[in-house]
Enquirer: 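After the structure tokens below, expect a handful of questions from me.
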Amino acid sequence: MQRHLRSVVYLFAAIVVSSISATAIWAQGVTSAAVQGTVSREGGTVLEGANVTLLNTATGVRIAAATRANGRFNFENVAPGGPFTIEVRAIGFQLATKTGVMLTLGQRYTQDF
């Protein structure tokens, strides 16, 4: 009987610990922002392979990506704050820039060029 009671107590303790761990995992929440957009030529044709740079002018952190075949780019897990500058460069095209972008926690900022 005592052995059975001890097993029940251990089982209960395991359930409580796993419940607390699961709650802690779900409580993490959102800790970043994202920047996304599309780069296209005049007339609407998308531009593949354009170089897009996201620069946090306050910290100097720079992230770069290239547009995909559909002309889209995205930066995930970006630290909120700013101001940010977004630059797009492509051979044969003029530099395109967006300055003063401020990101808030959980925001998905969209900027098309």
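Bear in mind that the values here come from a model prediction, so they are computed numbers and not experimental data.
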Enquirer: Could you name each residue pair satisfying side-chain hydrogen bond (donor to acceptor under 3.5 Å, both in side chains) that touches residues 79-93, not counting sequence neighbours?
Expert: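 Sorted result for residues 79-93: Glu87-Arg89.
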Enquirer: Rounded to the nearest 0.5 Å, what's the gap from CZ on Phe84 to OG1 on Thr99? Could you check?
Expert: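 Rounded to the nearest 0.5 Å, the CZ-OG1 separation comes to 13.5 Å.
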Enquirer: Can you tell me how far CD1 of Ile86 sits from CZ of Phe73, rounded to the nearest 0.5 angstrom?
Expert: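 Reported to 0.5 Å precision, the distance equals 5.5 Å.
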Enquirer: Got a sec, which residues hit side chain to side chain contact (heavy atoms under 4.5 Å, CB included) with Asn77, two or more places apart in sequence or on another chain?
Expert: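 Per chain and number, Asn77 pairs via side chain to side chain contact (heavy atoms under 4.5 Å, CB included) with Ser32.
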Enquirer: Start with the C-alpha gap between Phe93 and Val88, add the side-chain angles, then the distance that decides, and say whether side-chain contact (heavy atoms from CB on, under 4.5 Å) holds.
Expert: CA-CA 9 Å; Phe93 294 90; Val88 179; over 6 Å; no
Enquirer: Scan the side chains in residues 105-113 for donor-acceptor partners under 3.5 Å anywhere in the protein, sequence neighbours excluded, and list what turns up.
Expert:
from	atom 1	to	atom 2	distance (Å)
Gln107	OE1	Thr104	N	2.8
Gln107	OE1	Thr104	OG1	3.3
Arg108	NH1	Gln36	OE1	3.1
Arg108	NH1	Glu76	OE2	3.0
Arg108	NH2	Glu76	OE1	3.0
Arg108	NH2	Glu76	OE2	3.3
Tyr109	OH	Gln111	OE1	3.0
Thr110	OG1	Gln36	NE2	3.0
Asp112	OD1	Thr38	N	2.8

Enquirer: Should Val35 and Val46 be counted in the same cluster of Ile, Leu, Val, Met, Phe, Trp and Tyr side chains packed under 4.5 Å apart?
Expert: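 Not linked; separate clusters.
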Enquirer: For the CD1 atom on Ile91, are there more than 12 heavy atoms of other groups (residues, nucleotides or ligands in this structure) within a distance under 6.0 Å?
Expert: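 12 or below, so no.
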Enquirer: Which side-chain N or O atoms in residues 47-54 pair as donor and acceptor under 3.5 Å with protein atoms at least two apart or in another chain?
Expert:
none

Enquirer: Using the salt bridge (charged side-chain N to carboxylate O under 4.0 Å, His left out) rule, collect all pairs that involve residues 96-105, keeping only residues at least two apart or in two chains.
Expert: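 Those involving residues 96-105 do not exist here.
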Enquirer: Using the rule that two of Ile, Leu, Val, Met, Phe, Trp, Tyr join whenever any of their side-chain heavy atoms come within less than 4.5 Å, decide whether Val78 and Leu55 are in one cluster.
Expert: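 No, Val78 and Leu55 fall in different hydrophobic clusters.
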Enquirer: Which residues pass the side-chain hydrogen bond (donor to acceptor under 3.5 Å, both in side chains) test with Arg62, sequence neighbours left out?
Expert: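 None.
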